[in-house]
Protein chains: 2
Amino acid sequence: MTYTLHQGDALGVMSRLPDDSVDALITDPPYNSGGRTSKERVSRTARDKYTSGTVNTLADFPGDQKDQRAYTRWLAEILTEGYRVTRPQGLAVVFCDWRQGPATSDALQMAGWLWSGTLSWIKPACRPRKGGFRQSCEYMFWGVKGSLDSSRDLYLPGHFTGSQPRKGRVHITQKPVELMRDLVRVCVPGGTVLDPFTGSGSTGVAALLEGRQFVGIEVTPHYWQIADTRLAEVERDLASRPSDPPVQEDTTAATAPAST
Amino acid sequence: MTYTLHQGDALGVMSRLPDDSVDALITDPPYNSGGRTSKERVSRTARDKYTSGTVNTLADFPGDQKDQRAYTRWLAEILTEGYRVTRPQGLAVVFCDWRQGPATSDALQMAGWLWSGTLSWIKPACRPRKGGFRQSCEYMFWGVKGSLDSSRDLYLPGHFTGSQPRKGRVHITQKPVELMRDLVRVCVPGGTVLDPFTGSGSTGVAALLEGRQFVGIEVTPHYWQIADTRLAEVERDLASRPSDPPVQEDTTAATAPAST
DNA sequence: TACTGGTATGAATCGGATA
DNA sequence: GTATCCGATTCATACCAGT
C-alpha cells in the first residue's frame, strides 16, 4: 500500500485532484469551537482554547478562528470538493464535537452528500463537569455520494470507545489508530482514503495498516513532516512483511468490539 | 414522593402550569423522523416506521407526522412553555434520534435554553446495516435556564448504555428505567421533574425512585392509564418502605457506571 | 507475568479580577 | 460596562514503577 502526502491548503490541493479518484473521505477538521462567546472562539489560538489549564508542548494548529456561519460555509466548500473527488457510492466521515454537530450536518448536505448517520466516539477519560453532565463523546457524521453499496458484505459498528493517545502524542487532537482502523474499513479494500486535514497522520497510518491507499493534505510544515515520517515507517514495516494484507472484503472487526 | 399526571395535549396543559414551578424538564417527544423522504415520514404511522419487520401489538401514538420545519417550530413552542415553567438554573433534557439532532438543538435554543451539551444513549442491541455503520445511539440534548448551579456537588456521566426493555414493554419508544434514573439526578433531590410526553411513564417512575416529584402529561388515554397504574404502584411501594429516600445531594451513581 | 498503588492529564468550564 | 485574562476545579483513566 502506498501513500501521497501533499503539503498545502486543503481547498487548494483538493481542487487539483481528479474527479472520482478516491473511495472515502475521512477527516477531522479544526472544530472552531471552544469558548463561551463568539469573541472568545475567534480570538484565541486552538492551543489556548483546547489545552487551557494543562501544560503541554504540542504545536498549535491554524484555522480555528471562524464563527459559526463562516465555519459552515468553509466546511461546505471543503466537503463539496471532497464530493467531486470521491467516486459514486463513496463515503464521507467527518469528525465534530457536540457544538458543531448541526453545522457539520448542514455542511455535509450542502455539499451534496446524503447524510446517513451519526457515530459516537466515547472518550472514557475526559474532564468532569460540576453540576451537570460531562461531555464524554465526539461525533462522526457520515454520508454517501449517491446510495450505499448494499452489495458489500460489511457491517460496521455505530459507536466506538477509546482514549486519546497519551504516550507519544504529537498533536492536540490526535486520534487513536485503533479507532481510525475501524473507520477506514468503509473504504473498499485496496481503495483510496482521502484526509484533507491529515495532522499527525493517524488516518493514513490506519489506512495503510488496513490495506487501503492514502492521500493526505496538511498545511503545517511541522505536522506534514511528522505525518510523513509516521507513514513512511508504516509503509516500510508493511513492505518487510512476508505477504501483503488480503485485498478481499474483511468482514471481521479490525479491533475488539467497540464497547468494552 | 408524589406525582401528578395530567391527561391532555402537552401545550394546552403546560400553558396552565405556573411559572418556575418545576426543577427539570426531561422528555422524549415524538421524533417525526423515520423515513428518508417527507412522504415516507408522513404517510406511515409511528408504529409502521419504528417497528418494521417485527410484529407487535403496542398501541400507536399520535403527533408523528410533521416535516422538519414544522417539527422544529412545534418543539420550540413546547420547550418555550417548558422554559417558563422551569425555575432559573433548572435543566432541560430532550431525547432525539440522529436525524433530529439539528432540529432539536435549534428548538432548544429558540426556546431560550442555553444549549450545554449532548449525551449519547448507546443501545447495544440494534439492527446492523449492510454496507455501512449501524445506528446504535440515540441522543439527549440538554440545556440550562440561565447558568448551571456550580455549587451542586454533582458530576454526571456523558453517555449511557442500556437496551430498550423487552420484558413487560408497553410502549414503542419505552426507555430503560435505569437510564432515566441517571437522568433525573440533574433535578435537585426532592425537586420536581416535568415530562410533557409521559408515554408509559418511565421518567416518572425513575423520578419517584430517586426521590424527586413528578408532573406528567399524556394525551393518549390508553398510555395515560398505563402510566398512572405504574406510578401509583411505585408510590405505594415507596410508601410501604420503613423510611423515605434521602433528600440530600446524592453523589453516588444511581446505577453501575455507564459503559459496559 | 500479574497485580497494586501512586501520579499525571484531558479539543473544558467557570467565576472573578484586571485592563 | 465590556473584553480579556487567569487560575481553581474535578473524576476516570492511562501510564509507570515497584512488588
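Just so it is clear: chains get the letters A, B, ... in the order the sequence lines come, proteins before strands, and each one is counted from 1.
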Stretch residues 32-69 of chain A: residues that reach within less than 4.0 Å of DNA chain D through a heavy atom: A:R36, A:K39

Nearest-Å distance for atom pair CD/C1', residues B:Q89 and C:dC14: 13 Å

Interatomic distance, A:W98 CH2 vs C:dA12 P [rounded to whole Å]: 12 Å

Qualifying salt bridge (charged side-chain N to carboxylate O under 4.0 Å, His left out) pairs, either residue in residues 56-70 of chain A, two or more places apart: A:K49-A:D64

Whole-Å gap separating C1' (D:dT13) and CZ (A:R127): 14 Å

Side-chain N or O of A:R169 closer than 4.0 Å to phosphate OP1/OP2 of C:dG10: yes

Set of residues satisfying side chain to side chain donor-acceptor pair (under 3.5 Å) with respect to A:T220, sequence neighbours excluded: A:E218

Any donor-acceptor pair under 3.5 Å from B:R152 side chain to B:S150 backbone: no

Please list, for nucleotides 17-19 of chain C, all pairs of protein and nucleotide N/O atoms separated by less than 3.5 Å.
none

Qualifying side-chain hydrogen bond (donor to acceptor under 3.5 Å, both in side chains) pairs with a residue from residues 99-109 of chain A, counting only residues at least two apart or across chains: A:Q68-A:Q100

B:R87, CZ: over 12 other non-hydrogen atoms inside 6.0 angstrom: yes

Residue list, side chain to side chain donor-acceptor pair (under 3.5 Å) with A:D48, at least two apart or on another chain: A:T45

Side chain to side chain donor-acceptor pair (under 3.5 Å) involving A:S202 - partner list, sequence neighbours excluded: A:R230

Residue pairs passing the salt bridge (charged side-chain N to carboxylate O under 4.0 Å, His left out) test where at least one lies in residues 109-119 of chain B, sequence neighbours excluded: none

Sugar-phosphate, base or nothing in reach of A:R129, heavy atoms under 4.0 Å: sugar-phosphate

Of all pairs that satisfy salt bridge (charged side-chain N to carboxylate O under 4.0 Å, His left out), the ones with a partner from residues 115-129 of chain A, not counting sequence neighbours: A:K123-A:E138

First of A:A125 and B:L148 reached from the 5' end of DNA chain C, by closest nucleotide: A:A125

Shortest side-chain distance from B:S150, nucleotide among C:dG15, D:dT10, D:dT13: C:dG15

Intra- and interstrand pairs of DNA chain C - dot-bracket, Watson-Crick/G-U under 3.5 Å, | marks other strand: .|||||||||.||||||||

Contacts of type side chain to side chain donor-acceptor pair (under 3.5 Å), residue A:S120, not counting sequence neighbours: B:S120, B:Y139

Pairs meeting criterion salt bridge (charged side-chain N to carboxylate O under 4.0 Å, His left out) with involvement of residues 24-35 of chain A, two or more places apart: A:D28-A:K175

Sugar-phosphate, base or nothing in reach of A:P165, heavy atoms under 4.0 Å: nothing

Sugar-phosphate, base or nothing in reach of B:D149, heavy atoms under 4.0 Å: nothing

Sugar-phosphate, base or nothing in reach of A:T173, heavy atoms under 4.0 Å: base

Touch class at under 4.0 angstrom, heavy-atom based, for A:Q135 against every strand present: nothing

